[in-house]
S.K.: 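I have a structure here, written as structure tokens, and I will follow up with some questions on it.
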Amino acid sequence: MIGCNHRGTGLDVRGRLTFDTQQAAEALHTWRSQFPETELVLLSTCNRVELYAAMNGESKASATNQLIDTLLDYRQVSRQEIEGRLLTLAGSDVVRHLYRVASSLDSMVVGEPQILAQVKQAYQNAQAQDCIGPLLHELFQSALSTAKRVTGETTLHKHRVSIPSVAIAELANCVFETFDDKHALVIGAGEMAEETLRYLRDAGRARIHVVNRDAERGQELAKKWSGEYHAWDQLWAQLVHADLAISTTSADQPLVTAAAFAEHVAPERYQRPLFVLDLAVPCDFERTVGDALGVYLYSLDDLNDACEKNRQARAAELPSAENIVAQETDRFLANLNHRATAPVITGLRQGMERPKAAELERLFRRLPTLDEAARQEVEQFADRLVNKMLHPPLESLRNASKNGTPHSLLEALKRLFFLED
Amino acid sequence: MDSGVNMLCFSASYALALILEFSGLWNRLRLRRFAVLGIASAGMVAHTWFLGQRVAHAPQAPLASHQDWYLLAAWVLALVYLAAKFYHPKSSMGLFLLPAVLALVAGAQAASMTPLATFQAPRLWGRIHGVFLMLGTVAVLLGFLAGLMYLIQSHRLKHKLPTGRGLRLPSLEWLERVNSRALVAATVLVGGGFFTGVISRLAHAGEKNFIPWSDPIVLSLAAMLIWLVVAELFRLVYPAARRGRKVAYLTVAAFVFLLFVLVVMLLQDTLHTLPLVDGVGEVGL
């Protein structure tokens with residue numbers, strides 16, 4: 001796995017590497033034709049861009065380099081620009097990492113519910129592009145079930161907590177005493193916008209205004225939250241009236257520059273407080289807009305502190321959740337390693353079954369007077385004997401698989417029992 | 001006081017409440033909040049008892065002397081603190097209000113106990129004059145403290161500093177509202193106090209009805225009133241001045257004037273201590 005996330009990489013880099021659903025599908029389609037033998041899943045959210053791959057025959061270093069080049073070339077980012085900021089993982093670390101990501105233990109807001117849907121979406125996207133093979137299929141399926149186990153067995157997700165909820169509860173409440181008489185402007189109509197509106201509605205009865213390029217989607221969102229839709233060219237007018245602005249578009253460039261804000265919005269606002277929650281990646285508001293009097297601009301990175309507080313509050317639940325992740329990681333790796341022993345087990349079993357069948361046939365020929373019940377009893381005896389003889393080597397294999405593929409044991413069994421590859 | 005309740009009793013209560021408020025920067029135990037409320041309320045009861053004793057002993061009290069005046073202002077501010085504590089139990093407003101209460105009590109300790117001449121002037125005007133100025137002082141103080149909190153909260157939000165831990169302040173909207181209302185109230189009350197003082201002076205029978213405009217306390221009070229009126233006009237004319245930061249700066253400036261008035265009162269209260277021509281008492285504005 002290679003990628004970057006909110007822990008080690010700022011919005012500037014994440015913004016350049018991020019993919020929306022459509023772009024992710026196109027990228028996977030391209031990579032699929034470039035690397036037909038490689039399984040790929042691309043997980044791109046506000047806080048992370050991660051490319052998961054499973055391939056045969058490549059050395060770890062070469063595979064990692066190939067993946068990095070693939071991702072960076074596609075986004076036209078040079079290696080120098082992200083030097084030291086890319087995360088690369090391999091083997092068991094990937095399994096543990098994905099389980100932690102899906103269980104929301106690696107999220108900016110620990111326990112946030114959105115990430116599970118995003119992991120599922122990434123997996124389905126890869127499936128649709130035919131990029132999924134048996135390994136990543138099993139890995140992602142187990143990641144989803146691990147996340148469900150964490151949700152069910154801990155109280156980490158007891159209270160729905162996400163970046164928008166933290167932003168509303170921790171920050172917007174520091175600006176506004178009540179939301180009842182406030183105008184909330186939502187720029188963009190994505191999932192994050194909807195999530196924010198949910199928390200905003202819980203906090204009060206703010207008047208909701210939606211500005212979106214896609215009128216149909218914008219009207220749909222406005223209708224759902226009993227708000228008002230405004231055409232895109234009304235953006236400045238709506239910013240003048242707004243008390244709270246939530247921006248979640250997927251625009252490549254900032255929509256609101258400091259110069260445009262100073263020209264179109266600031267003179268009409270007379271320094272009335274404006275709380276801006278810029279949840280877009282890359283940012284929709286130029287950072288210097290926050291320097292204007294009365295403007296309190298928060299981007300995703302700025303929410304780190306509030307999220308850290310949230311993380312501490314859930315710290316008590318973290319050991320249980322991490323324990324589940326560790327158990328599931330061990331189980332997955334053991335199963336994976338055990339699967340590598342399958343041909344040897346099949347060979348062993350066949351090696352026993354063949355002489356058993358031959359000996360039974362010879363015995364029944366010598367004792368033709370045996371009735372059906374007696375014959376079944378003898379067959380069961382033979383089966384039990386074979387199973388008991390196979391049990392010690394199979395158990396040894398299973399135990400050895402917990403610590404990785406037991407290559408030496410497999411080799412020994414092959415030589416002892418004349419098993420072919 | 002023969003009841004055993006003295007200024008030290010309620011000062012100590014307020015100081016203890018302030019220490020507990022400070023400890024709230026690090027620990028957020030619910031018990032601490034109840035302890036703060038309990039101790040501050042005990043201080044309030046002792047403070048009320050002390051003022052009651054003063055009224056019992058001196059009919060003109062609780063505004064009969066500079067000391068009474070400071071003590072009553074401290075009492076009103078302590079009452080505001082308790083009300084604020086009920087309204088915003090988790091906030092750290094005590095860190096701002098309680099030092100002001102203690103400063104007023106300290107001012108009372110340093111202030112003169114000599115009866116004010118205003119109470120030898122026509123009784124009604126004298127009392128109204130005293131009450132207006134005392135409440136005006138509290139309003140300016142409140143506006144200043146709300147403005148200070150607004151500027152701190154605004155700075156923290158602007159610079160993305162943690163707002164949920166340690167120092168917890170009310171929302172900017174609430175602080176702006178308190179700040180604006182305090183400025184309006186201060187203008188009305190200080191104006192009322194100033195003009196009732198003039199009326200009281202003019203109505204004082206048997207005296208030359210002149211207004212000593214050169215007196216430092218009259219000058220500083222007039223300057224503060226002019227500033228408050230100008231600030232109010234500025235707010236009416238210029239919409240941006242109705243917003244938090246601007247209002248906060250206006251109230252902070254008003255506090256500087258108030259500070260000057262209070263210092264003059266403590267050090268050089270020439271007008272209120274002028275002996276009457278007939279030597280019966282003192283002349284008050």
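It should be emphasised that the depicted structure is a prediction, and the values quoted were computed from it without experimental measurement. Lettering of chains follows the sequences in order, A, B, ..., and the numbering in each one begins at 1.
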S.K.: Does the side-chain contact (heavy atoms from CB on, under 4.5 Å) test come out yes or no for B:Leu157 and A:Tyr298, once each step is laid out?
M.R.: CA-CA 9 Å; B:Leu157 285 167; A:Tyr298 278 78; 3.5 Å; yes
S.K.: Quick one: does B:Leu172's side chain get under 4.5 Å of A:Tyr296's, heavy atoms only?
M.R.: yes
S.K.: Please report the interatomic distance CZ(A:Phe275) to CD(B:Glu173), rounded to the nearest 0.5 Å.
M.R.: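 Here the interatomic distance stands at 13.5 Å.
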S.K.: Around atom CZ of A:Arg272, are there more than 12 heavy atoms of other residues, nucleotides or ligands at under 6.0 Å?
M.R.: yes
S.K.: Under a 4.5 Å heavy-atom cut-off, does chain A meet the side chain of B:His88, its backbone, both or neither?
M.R.: side chain
S.K.: Return the set of residues passing salt bridge (Lys or Arg N to Asp or Glu O under 4.0 Å) with A:Glu177 (not counting sequence neighbours), or none when no residue passes.
M.R.: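 Not a single residue meets the salt bridge (Lys or Arg N to Asp or Glu O under 4.0 Å) criterion with A:Glu177.
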S.K.: Indicate yes or no for a side-chain donor-acceptor contact from B:Lys160 to the backbone of A:Leu297 under 3.5 Å, with no hydrogens or angles considered.
M.R.: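 Here the side-chain-to-backbone pair exists.
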S.K.: Residues of residues 283-294 of chain A under 4.5 Å from chain B (heavy atom pairs)?
M.R.: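 Only A:Gly290, A:Asp291, A:Ala292, A:Leu293, A:Gly294 of residues 283-294 of chain A have a heavy atom under 4.5 Å from chain B.
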